[in-house]
Amino acid sequence: MNDTTIPPHRYTAELASRIEAHWQERWEQEGTFRSVNPAGPFAEPDHPRLRGGDGDDDHLFVMDMFPYPSGTGLHVGHPLGFIATDTYCRFQRTTGRNVLHTMGFDAFGLPAEQYAVQTGQHPRTTTERNMEVYRAQLRRLGMGHELRRSFATIDPDYYRWTQWIFLQIYDSWYDEDAPSRSAAGGAGRARPISELVAEFAAGSRPLPGEHAGRAWADLTRVEQADVLDRYRLAYLSAAPVNWCPGLGTVLSNEEVTSEGRSERGNFPVFRRNLSQWMMRITAYADRLVDDLDRLDWPTKVTTMQRNWIGRSTGATVRFPVPRADSSEAAGSGGEAAIEVFTTRPDTLFGATFMVLAPEHPLVEEIVPAAWPEGTREAWTGGAATPAEAVAGYQREASTKSDVERQADARTKTGVFTGAFATNPATGQQVPVFVADYVLMGYGTGAIMAVPGQDQRDWDYATAFDLPIVRTVQPPADHPEDEAFTGEGPAINSSNEEISLDGLGVDDAKARIIGWLQDRGLGRETVTYRLRDWLFSRQRYWGEPFPIVWDEDGVAHPVPEDQLPVELPDVPDYSPRTYDPQDAGSAPEAPLARANDWVEVELDLGDGPRRYRRETNTMPNWAGSCWYHLRYLDPANDQALVDPEVERYWIGPRQQPVAGAPEGAVDPGGVDLYIGGVEHAVLHLLYARFWHKVLFDLGHVSSEEPFRRLINQGMIEAYVYRDARGFPVPAAEVEEHTDPAGGPSTFTWQGEPVTQEQGKIGKSLKNVVTPDEICADYGADTFRVYEMSMGPLEQYRPWETRAVVGSYRFLQRLWRNVVDEETGELVVTEEPMDEVTERLVHRTVEGVRHDYEGLRVNTAVAKMIELNNHLTKLDAVPRAAVEPLVQMVAPVAPHLGEELWSRLGHERSLAYEPFPAADPALLVDETVTCVIQVRGKVRDRIEVPADITEDELRERALATERITELLGGVEPRKVIVRAPKLVNVVPG
RNA sequence: GCGCUCGUGGUGGAACUGGUAGACACGCAGGAUUUAGGUUCCUGUGCCUCACGGCAUGCGGGUUCGAGUCCCGCCGAGCGCACCA
């Protein structure tokens with residue numbers, strides 16, 4: 001590049017970088033982006049921005065999903081959401097709001113640990129270094145974050161409170177009957193476990209299960225602990241869990257893909273019985289579903305949460321079945337019952353067989369010694385006895401991986417158990433099968449099969465030649481060979497006591513449930529797909545549990561005043577991982593090796609005694625479950641957040657959110673939360689759960705953490721592949737445009753390559769970093785480009801060569817204020833001409849609306865239009881360019897500040913009120929009216945903006961072109977929308 | 001298979017409650033500056049046609065004076081769920 005040809009004061013990348021560094025320094029020194037708290041350690045109750053009063057609109061809390069400081073660095077896709085929130089917040093500050101916007105780091109967890117293991121360094125070392133890199137990159141991009149509120153989940157001051165919240169959850173139970181604390185009403189809330197103990201001790205609540213009838217005080221310590229574990233919201237469970245040998249840890253259901261592999265690393269996951277910490281999130285299933293209505297979230301995310309929770313209402317029905325004589329179970333020879341869950345109890349009369357999951361415990365008890373008379377060959381699986389057939393099938397099912405099961409999904413397999421159950425409605429004997437299309441993990445692990453109204457049952461019935469009875473009348477055009485799952489009148493559904501015939505599905509359901517309940521044969525039931533959250537990990541890099549164990553194996557919480565339980569520095573922090581396929585391996589927590597830390601002497605109220613520390617750690621979701629609360633009051637060492645501060649920032653508001661149903665109550669929460677859709681059922685579900693527990697226990701006034709959520713789209717990039725399909729370096733590809741106007745073709749090293757759109761990443765050879773773009777154009781250009789690419793929610797491809805468009809815009813703006821040769825101000829103090837003035841006001845109005853609606857792309861387009869107009873003037877009036885500088889400042893903050901200061905203002909424009917549009921100048925005196933004939937534009941006329949309908953009609957019909965087109969015929973109809981449109985329908 | 005979202009120039013995208021389709025930007029073409037390239041600036045640019053004019057928002061219907069926008073049916077793409085009883 002030849003510098004001599006470039007004017008010395010041109011807005012180049014070098015000048016932009018100098019300006020940017022200057023303002024970043026100044027913002028930091030002046031604490032420009034500090035927001036004001038009403039109480040707590042940051043309290044400034046007299047600050048004017050608090051304005052007194054309790055206005056819902058004078059403050060705003062905006063959050064990005066906080067980043068994971070990865071070692072691989074940022075690419076241009078990462079900062080998209082950050083730039084959007086920063087732009088939004090900068091705009092909101094100029095409207096006078098007290099804006100809270102900061103950013104911390106989600107720094108515990110597997111990737112950080114894996115990176116450390118790979119590079120042979122301690123996770124804390126690598127994580128802290130990565131955070132420094134990250135902070136520098138964010139600063140380089142001009143983020144207006146409030147730095148004093150930033151923290152990382154690995155800070156002991158922070159995880160002290162993560163542990164504290166864990167203890168709150170551990171020390172509570174869910175009382176279904178207690179009145180809700182919510183203004184929305186309802187029942188059910190978490191209560192302290194001490195209140196449960198008090199009820200047990202007083203005898204006002206009966207002890208559960210095998211302890212029924214005994215007095216609380218008579219139970220041993222171990223028995224008491226065991227009882228309480230059945231109630232606690234955080235509890236130890238020995239249920240089957242997801243064991244992932246390849247990662248050396250157990251995982252939550254949410255971290256396992258539908259293919260039965262780990263979401264991270266894609267390793268196989270096995271079901272193992274292991275004793276693990278669980279969170280009783282299922283107690284909140286209903287509220288987690290119902291409260292989605294009160295949130296302003298993308299429907300995509302709310303449906304994903306609804307699907308994941310999987311609430312379905314129906315009935316459980318008991319089908320009597322004889323116990324087999326050969327069964328070794330107690331009470332053999334007697335009567336057992338198969339309990340099924342169905343969402344269609346109205347079809348009970350059509351239940352012609354039953355199916356148990358292979359793992360169903362009742363299977364062993366009902367299998368008779370021999371096949372009943374006349375059992376069909378196809379039902380036996382070729383086995384001599386039912387026991388042999390069932391055992392064979394169970395073996396087969398157990399060895400099938402989830403992937404294989406899925407591959408066989410549509411082929412129905414199974415065997416007859418030899419047993420018959422009684423359909424309680426028809427009294428008929430129905431055969432009982434074992435088949436793997438019924439899953440043990442859902443409902444009761446058994447179904448009544450209703451082939452007439454369920455396609456899966458129909459397929460099974462057809463495969464095994466079982467009877468099919470339709471109990472809902474299908475419409476005439478319904479195919480003969482398919483189940484009918486739709487709405488229709490019940491048929492074939494009566495016995496001596498009850499008839500459903502003729503009733504619609506809902507009425508039939510209600511009547512049969514009533515009948516079943518009266519007879520003690522069943523009851524209305526709600527089931528959920530959601531399972532309790534597996535909360536422990538066998539990993540080093542996570543929050544230690546604040547739990548110790550005594551010699552009887554009873555757990556004790558570490559007293560609050562001894563928190564945090566700090567993660568010890570150990571020489572060997574790597575997890576014990578195994579061959580990914582080694583299902584028989586067992587987890588081993590790295591902390592268990594730290595003997596000096598594990599063995600501890602504590603005084604928990606009965607004198608100093610020896611304890612063993614819990615050696616599992618928390619999953620990385622723990623830290624992100626509540627960081628929104630800590631941003632509010634990060635320096636508070638008395639509470640996780642001061643209640644007044646919490647109420648001020650995220651307490652419930654007067655108005656429910658947009659789109660909430662009639663009568664909904666605002667749940668409170670962060671005003672705007674922006675992040676990727678990948679957290680739809682992980683972080684966002686867990687955080688909601690924790691927040692609700694804290695609400696129930698009275699620690700927060702808000703019922704939900706995030707009132708409004710937006711998923712930013714991903715920035716992708718073009719991927720180019722050679723003839724073999726391998727990606728080639730995108731930066732080296734040459735484009736060849738088609739002179740005829742057709743699509744371009746592409747070559748790499750002379751060879752043709754194909755273009756597609758894909759994720760940015762090393763493996764696709766299309767990485768572009770913000771650092772390169774900042775070096776070539778400056779951070780402001782980068783920000784403007786990212787915001788101009790399209791709507792925030794949309795996926796779009798990165799195109800480096802298009803960045804220059806945003807660069808030219810800022811350069812032109814600069815040139816409208818500063819002389820490129822001399823650096824002198826070039827603005828004139830002369831007043832604006834009328835056209836310019838009207839354009840300025842229209843732009844102000846439009847840009848304000850666009851910023852409010854987070855449509856930065858169209859805001860930028862409007863500013864470019866104004867700027868292009870100013871460029872054409874002989875001299876740029878100060879009165880026109882000052883509002884433009886203010887408008888551009890949220891997206892291009894450094895350039896905004898610099899021009900503002902060169903225009904003679906001393907103070908930062910961060911809080912300078914956004915320009916106001918004069919309504920009188922928004923309407924033009926004359927407008928162009930289009931005249932259509934049959935909806936097609938045929939002519940245009942200039943008319944006064946306040947023209948009357950009649951006059952407009954007259955003038956439109958009188959134009960030369962329209963009279964010509966009408967050819968003297970009287971129009972049949974004339975639609976007038978004054979002043980902009982007339983549509984003529986000829987006779 | 002089911003559900004949701006979405007299909008607009010060579011490209012990214014505009015178009016508020018139905019009312020001038022293609023704002024703004026990239027690219028491309030021509031021109032100015034420059035010894036030249038690059039930078040910067042100016043002009044043009046949906047398609048067809050010499051033109052008058054016609055055709056255009058995935059395809060086919062419908063509602064309406066008027067449809068990118070609303071309704072129905074296809075086709076295509078993306079995401080989610082996937083034997084959930």
How is A/Tyr11 classified with respect to the nucleic acid when contacts are heavy atoms under 4.0 Å: base, sugar-phosphate, or nothing? nothing

Got a list of side-chain donor-acceptor pairs under 3.5 Å for residues 860-867 of chain A, not counting sequence neighbours?
unit_1   : atom_1 : unit_2   : atom_2 : d
A/Lys862 : NZ     : A/Asp850 : OD2    : 2.6
A/Asn867 : OD1    : A/Asn816 : ND2    : 2.8

For the pair A/Thr781 and A/Ser806, evaluate side chain to side chain donor-acceptor pair (under 3.5 Å) and give the outcome as yes or no after the intermediate values. CA-CA 6 Å; A/Thr781 295; A/Ser806 305; over 6 Å; no

How many Å lie between CD on A/Glu821 and C1' on B/U39, as a whole number? 14 Å

Distances under 3.5 Å between nitrogen or oxygen atoms of protein and nucleotides 52-57 of chain B:
unit_1 : atom_1 : unit_2   : atom_2 : d
B/G54  : OP1    : A/Arg938 : NH1    : 3.1
B/G54  : OP2    : A/Arg938 : NH1    : 3.4

Strictly below 4.0 Å: does A/Arg812 bring a side-chain N or O up to OP1 or OP2 of B/C41? yes

Indicate, with a heavy-atom threshold strictly under 4.0 Å, whether A/Ala861 touches base, sugar-phosphate, or nothing. base

Is A/Glu735 touching bases, backbone alone, or none of the nucleic acid, heavy atoms closer than 4.0 Å? nothing

Cationic tip of A/Lys412 above A/Tyr437 ring, under 6.0 Å, 45° of axis: yes

For B/A85, does OP1 or OP2 lie under 4.0 Å from any side-chain N or O of A/Ser312? yes

Does A/Arg815 reach a base, just sugar-phosphate, or nothing at all? Heavy atoms under 4.0 Å. sugar-phosphate

Starting at atom CG of A/Leu839, determine the distance to atom P of B/A23, rounded to an integer number of angstrom. 16 Å

Using a cut-off of less than 4.0 Å, is there contact between a side-chain N or O of A/Asn867 and OP1 or OP2 of B/C24? no

C1' atoms of B/G1 and B/G66, separation to the nearest Å: 40 Å

Measure the distance from OH on A/Tyr807 to P on B/C26 and round it to the nearest whole Å. 14 Å

How does RNA chain B look in dot-bracket notation if pairs are Watson-Crick or G-U with both distances under 3.5 Å, crossing ones as [ ], other-strand ones as |? (((((((..(((......[....)))((((((.......))))))(((....)))..(((((..]....))))))))))))....

Whole angstrom value for the distance that separates P of B/G13 from CD of A/Glu793: 13 Å

Within 45 degrees of the axis of the six-membered ring of A/Trp308 and under 6.0 Å from its centre: does A/Arg529 put its NZ or CZ there? yes

Heavy-atom side-chain contact between A/Ile975 and A/Val982 under 4.5 Å: no

Could you run down the sub-3.5 Å N/O contacts of the protein with nucleotides 59-67 of chain B?
unit_1 : atom_1 : unit_2   : atom_2 : d
B/C65  : OP1    : A/Lys973 : NZ     : 3.4
B/C65  : O2'    : A/Asn983 : ND2    : 3.4
B/C65  : O2     : A/Asn983 : ND2    : 2.4

Within the structure shown, what part of the strands sits under 4.0 Å from A/Thr303 by heavy-atom distance: base, sugar-phosphate, or nothing? nothing

Are there any protein N/O atoms within less than 3.5 Å of an N/O atom in nucleotides 14-16 of chain B, and if so, which ones and at what distance?
unit_1 : atom_1 : unit_2   : atom_2 : d
B/A14  : OP1    : A/Asn857 : ND2    : 3.1

Select base, sugar-phosphate, or nothing to describe what A/Val804 touches, counting heavy atoms under 4.0 Å on all strands. sugar-phosphate

Looking only at side-chain atoms of A/Met304, point me to the closest of B/A25, B/G80, B/U20. B/G80

Students often get this wrong, so: under 4.0 angstrom with heavy atoms, is A/Ser788 touching a base, only sugar-phosphate, or nothing? nothing

B/C24 base / A/Lys862 side chain donor-acceptor hit below 3.5 Å: no

Grab the CD-P distance between A/Glu482 and B/C2 for me, whole Å please. 11 Å

Write down the distance between OH (A/Tyr795) and C1' (B/G7), rounded to a whole number of angstrom. 18 Å

Would you classify A/Arg940 as touching base, sugar-phosphate or nothing, given that sugar-phosphate means primed atoms plus P, OP1 and OP2, and contacts are heavy atoms under 4.0 Å? base

Could you check which of B/U11, B/A85, B/U40 has an atom nearest any side-chain atom of A/Glu799? B/U11

In whole angstrom, what separates A/Arg529's CZ from B/G3's C1'? 14 Å

Which pairs, protein N/O on one side and nucleotides 28-30 of chain B N/O on the other, fall under 3.5 Å?
none

